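Written out below as structure tokens is the structure these notes cover.
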Amino acid sequence: MNRIIKTEKLKEQILKNVLPLFLTKSYESISIPTIEDATHTTRGTLYKYFKNKENLFQQAITLFYNSPLNVLYAVPSSNYKLEDYWKIKIQQLQEAHKYIRSFGIFLDLVSLSHYIEIQGISLIPSFKEVIISNNQKNLKFWETVLINTFDYNIETGSSLQEIAVIYNAIFLQKCSTFPNCELSLPKLKIKT
């Protein structure tokens, strides 16, 4: 059992160490020796855990993209009201910023996430479906929060979707200008 845990920890460490390469460089420009240097492992160890460079790339970006450290990640909304959910999304932004800066990466977080999407689609065609699904979840979570916050009737559903799009866009704008932005919840005039 300990051997399995050690194996998983080493694999996670490799993925964590290689991630900055894939976040900042094109897939084609990254060589196996560069990956060895970044991960502090040998070629043999890399091939023990990953079939090839493409498999390592797929696992690294999937791990990042499907985590709250990606500002485009859809954080579940549960029973939150708008103000509480905004705080959770801002906390997500702050954690993602701290995580990316820990690698010495100073790109804006939305551009970085879109860069990963573009890289992912170019090598993994099914990655586009992951992106679309995540975008849909984001909007659905914002809608859920708005429903929890305001007393909507069924007839206002289409405007609810529009408002969800607006709040999501405002959050993404904050992400692209963080840390030089105001993080307070924007107040929109919403008719219910």
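The model shown is predicted, which means the values in this text are computed figures rather than measured ones. Excluded from the calculations below are hydrogen atoms, water molecules and symmetry mates; all remaining heavy atoms, backbone and side chain alike, are included.
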Sorted by first residue and then second, give each side chain to side chain donor-acceptor pair (under 3.5 Å) pair with at least one member in residues 60-72; sequence neighbours left out.
->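 For residues 60-72: Y65-E117, N70-S113.
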Does any pair with a residue in residues 74-88 pass side chain to side chain donor-acceptor pair (under 3.5 Å), and if so which ones, sequence neighbours excluded?
->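 Sorted pair list comes back empty.
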Apply side chain to side chain donor-acceptor pair (under 3.5 Å) to K16 and Q13, showing your working.
-> CA-CA 5 Å; K16 181 182 175 192; Q13 192 62 40; 5.3 Å; no
Which atom names give the shortest non-hydrogen contact between [X] and [Y], and what distance separates them?
X    : Y    : answer
I170 : P186 : CG2-CG, 3.6 Å
I30  : K53  : O-NZ, 2.6 Å
L123 : Q58  : O-NE2, 4.5 Å
A60  : V18  : CB-CG1, 3.9 Å
C175 : V71  : SG-CB, 3.8 Å
F64  : L69  : CE1-O, 3.5 Å

With rounding to the nearest 0.5 angstrom, report the [atom1] to [atom2] distance, [X] to [Y].
X    : Y    : atom1 : atom2 : value
T39  : Y49  : OG1   : OH    : 11.5 Å
L107 : L23  : CG    : CG    : 8.5 Å
T34  : L21  : OG1   : CG    : 7.0 Å
L112 : T24  : CG    : OG1   : 8.5 Å
F171 : Q92  : CZ    : CD    : 4.5 Å
H97  : F106 : NE2   : CZ    : 8.0 Å

Assess whether side chain to side chain contact (heavy atoms under 4.5 Å, CB included) is satisfied between F50 and L15, documenting all intermediate values.
-> CA-CA 10 Å; F50 308 97; L15 289 170; 3.8 Å; yes
[atom1]/[X]: more than 12 non-hydrogen atoms of other groups inside 6.0 Å:
X    : atom1 : result
K137 : NZ    : no
K140 : NZ    : no
E54  : CD    : yes

Please assess N138 against K89 for the test side chain to side chain contact (heavy atoms under 4.5 Å, CB included), listing each intermediate value before the final yes or no.
-> CA-CA 11 Å; N138 258 318; K89 293 296 283 182; 3.6 Å; yes
For the backbone of [Y] and the side chain of [X], can you confirm whether one donor and one acceptor N or O come within less than 3.5 Å of each other?
X    : Y    : result
Y115 : F22  : no
Y47  : T42  : no
E143 : Q161 : no
T149 : V145 : yes

Linking I/L/V/M/F/W/Y whenever their side-chain heavy atoms sit closer than 4.5 Å, directly or via other members, would [X] and [Y] fall into one cluster?
X    : Y    : value
L139 : Y73  : no
V75  : L93  : yes
V110 : I118 : no
V165 : L146 : no

Side chain to side chain contact (heavy atoms under 4.5 Å, CB included) evaluation trace for N17 with H40 | CA-CA 8 Å; N17 289 340; H40 310 292; 4.1 Å; yes
After noting the C-alpha distance and the side-chain angles of L56 and I35, does the key distance pass the side chain to side chain contact (heavy atoms under 4.5 Å, CB included) rule?
-> CA-CA 10 Å; L56 175 60; I35 293 171; 3.6 Å; yes
Does some side-chain heavy atom of [Y] sit less than 4.5 Å from a side-chain heavy atom of [X]?
X    : Y    : answer
T177 : D108 : no
P33  : R43  : yes
L183 : F178 : yes

Kindly list each side-chain donor-acceptor pair under 3.5 angstrom involving residues 126-134, sequence neighbours excluded, with atom names and distances?
| residue | atom | partner | partner atom | Å |
| --- | --- | --- | --- | --- |
| N134 | OD1 | A74 | N | 3.1 |
| N134 | ND2 | L72 | O | 2.4 |

